[in-house]
Amino acid sequence: MRTTLHAVFAALLLALLAAGARAGDTALAVIVPPGHALATLDTPTLAAIFRRKLRVDVDGRALIPVNLPPTAALRTAFSRAVFDLDPPAMDAYWNERYFHGVQPPHVVTSVEAMLRFVAATAGAIGYVPACRVDARVRVVLTLPLPPGFESDCTAPSQH
Amino acid sequence: MQSSARWRRGWTGLALALAGALATVTATANPLANARYELGRGLQLPALALTFAGYAAVRAQHLEHADARLDLRDFSVFTIWQPSPRWQAFSEIEFEHLVVVDDRGPTASDIEVIVERLYVDYAATDTLTVRAGRYLTPFGRWNQVHAEPLVWTVSRPLVTQLTIPDHGTGAALLGSVALGLNTLDYTLYVDDSADLDPVNGVADFEDFDLPGLSNDFRHAGGAQLRYHFFGDRAELAASWASYAFTDTPGHMHAFGVDGLLRWQRLELSGEFAWRDNSEFRNDRGGFVQAVVRLVGQLHGIGRVEHYRSGILDRETSRATLGLGWRPLPPLNFKLEYSAGDARDLAPDGVQMSFSLLF
């Protein structure tokens, strides 16, 4: 009887852990440093920040968006979720902005690099799989990943 | 005389930009810390809050009633200095016709140094920026992105050259407002080139040599609204300006609309303008252009245009067919043939160019 109860309990616990991992890897978390003035963010404002049309907050502090590389799956997922465009489709936009002296967002090479950069940079705004958020950063917006995208929550250095 | 005045303005602008950069360099302990260069994104010096960027273009032409010609036509250097989140200074110094090769052989005697843009921006709020200096006139779309690497053709549509001067000198208010998932960009500007531009009256046209037409404001005021929608795949804009030319009598009122749609392999664009000339017949004109991605990064381009100049009392229609190849985002190869019914205004012929953002 006790062995059966233990087995049922273990199975339930494993099922709950698996469900938690699956929920984490279908969402994308928009993150800022813990002391950032932003409490929450909506998608249109996030889009304006990542298009570099909104470069200071209401108090005149720099807003510093951070991207993953254009070949990263999570970057593509973010671009589709926010702009409904893949990264290459924005090349013409960034070339025109360059002509007007505006650079695209800073690029880091991995999710871990994103966490470190955002945690250490006042005004930074980035994104990671929701399951990779830790105490170094604060979440201001959660977006569902587009269909076909899932993040690996167990590999520390994957995109 | 006018050419030497433009040289002086160009070199003065370059000297100001370099002086500002030098002052920043000498005041910084390690000016090259975290320096990085990327093709198409310039040389960034974060320790100095400086970025050096720009573009270059080589053009070859074989037009009716003219010799074949190879021209290192544009070498533009941007200097961007952002010492604080709210402040940014921008300059574009352009060197034109650095080397020209025609039947006389190579020559550098046609070099021009031009201050294309020189302004300071202050981000007063998150939706309002105040600009002061010399800027591209916000009328239509082409004029504000006219650099060779950014546009699909070598030749420039007539309506984007003849309706309104390319540049203003004065002040502007600009910004961007979110409207749900869409965006509205706005610009209001005033120009006092007669008093603020030391070489007012010497601006020429990009593709033409047109005595009798001015490309300089004396005074101007205007506005533009640009609406981005459909996931930023589409734009629709309206422009208005009221102005006087430097060397042409009368007062002008110009109205324009332009649009852009990018959908999968297709890009459609067009601009239309109408101008009331108090002393002449009205100007009116426009173009429609289609670009189709054929294979890889090879594109086919077709454009039809029409323009009537009330000042010249002339009108012309023209068509352009071309190919464009963009192997990398900063690189642009073009080949085109244009033909029209006013060959002395816009000669028929073949043009090709290679350009890059560096």
Side-chain angles (χ1 to χ4, degrees), chain A residues 37-38 41-65 67 69-70 79-109 117 120-125 143 146, chain B residues 38 40-42 44 46 51 53-55 76 78-82 84-92 117 119 121 123-127 129 135-136 141 144-147 149-151 175-183 185 228 230-233 260 262 264 267 297 326 328-330 332 357:
Chain A
L38 276 175
L41 197 59
D42 57 28
T43 304
T45 305
L46 179 67
I49 293 170
F50 271 81
R51 283 197 182 96
R52 303 302 312 282
K53 289 195 170 184
L54 186 57
R55 288 185 279 166
V56 296
D57 63 18
V58 292
D59 297 317
R61 289 174 291 221
L63 294 167
I64 305 174
N67 260 327
S79 189
R80 288 185 187 175
V82 177
F83 306 118
D84 197 24
L85 291 170
D86 286 347
M90 299 191 70
D91 286 341
Y93 173 82
W94 286 117
N95 282 349
E96 292 178 1
R97 297 295 283 163
Y98 176 76
F99 181 67
H100 291 281
V102 178
Q103 295 282 355
H106 184 66
V107 175
V108 294
T109 56
F117 184 94
T121 306
I125 300 176
L143 297 168
Chain B
E38 181 183 346
R41 295 292 173 256
Q44 297 179 52
T51 300
Y55 71 94
S76 268
F78 309 158
T79 305
I80 304 125
W81 182 47
Q82 188 165 14
S84 77
R86 289 192 188 271
W87 290 95
Q88 177 167 300
F90 179 92
S91 75
E92 178 187 1
R117 291 175 284 174
Y119 57 75
D121 281 350
T125 73
D126 55 351
T127 56
T129 294
Y135 47 81
L136 295 171
R141 191 180 199 279
Q144 298 179 77
V145 291
H146 66 266
L150 303 180
V151 294
S176 200
V177 178
L179 298 176
L181 297 178
N182 304 321
T183 310
D185 297 339
H228 300 263
F230 192 26
D232 218 14
R233 295 182 182 86
L260 173 72
R262 292 184 176 125
Q264 296 185 349
E267 179 184 296
Q297 294 304 318
R326 295 185 171 181
L328 295 173
N332 199 345
L357 301 170

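The sequence lines fix the lettering, A, B, ..., with proteins before strands; numbering per chain opens at 1. Predicted model only: the values in this text are computed from it and were never measured.
With rounding to the nearest 0.5 angstrom, the CD atom of A/Gln103 is 6.5 Å from the CZ atom of B/Arg41. Once rounded to the nearest 0.5 Å, the distance linking NE2 of A/His100 with CD of B/Gln144 reads 6.0 Å. Considering CZ of A/Arg51 and CG of B/Asp232, their distance stands at 4.0 Å, rounded to 0.5 Å. In this structure, B/Ser176 OG and A/Arg55 CZ are separated by 11.0 Å, a value rounded to the nearest 0.5 Å.
Of the possible polar contacts, one joining the A/Tyr98 side chain to the B/Gly54 backbone as a donor-acceptor pair under 3.5 Å is found. Proximity of a side-chain donor or acceptor of A/Asn95 to a complementary backbone N or O of B/Pro329 within less than 3.5 Å is detected.
Residue A/Asp42: no heavy atom, backbone or side chain, is found under 4.5 Å from chain B. Contacts of B/Phe230 with chain A are absent, with no heavy-atom separation under 4.5 Å from either backbone or side chain.
With chain B as the partner, the residue from A/Pro44, A/Ala62, A/Gly101 showing the most heavy-atom pairs under 4.5 Å is A/Gly101.
Contact record, A/Gly60 with B/Pro85: O-CB, 3.5 Å, taken as the closest heavy-atom pair. A/Val56 and B/Thr125 get closest at one heavy-atom pair: CG2-O, 4.2 Å.
For A/Ala92, the side chain to side chain contact (heavy atoms under 4.5 Å, CB included) test picks out B/Arg262, with sequence neighbours left out.
With salt bridges taken as basic N to acidic carboxylate O contacts below 4.0 Å, none links B/Arg326 and A/Asp91. Under a 4.0 Å N-O distance rule, the pair B/Asp185/A/Lys53 qualifies as a salt bridge.
Heavy-atom contacts from other residues, nucleotides or ligands closer than 6.0 Å to CG of B/Leu181 number 12 or fewer.
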A/Phe99 vs B/Leu136, side chain to side chain contact (heavy atoms under 4.5 Å, CB included): CA-CA, chis, key distance, verdict
CA-CA 11 Å; A/Phe99 181 67; B/Leu136 295 171; 3.7 Å; yes
Residues A/Glu96, B/Arg141; criterion side chain to side chain contact (heavy atoms under 4.5 Å, CB included); working and verdict
CA-CA 11 Å; A/Glu96 292 178 1; B/Arg141 191 180 199 279; 2.9 Å; yes
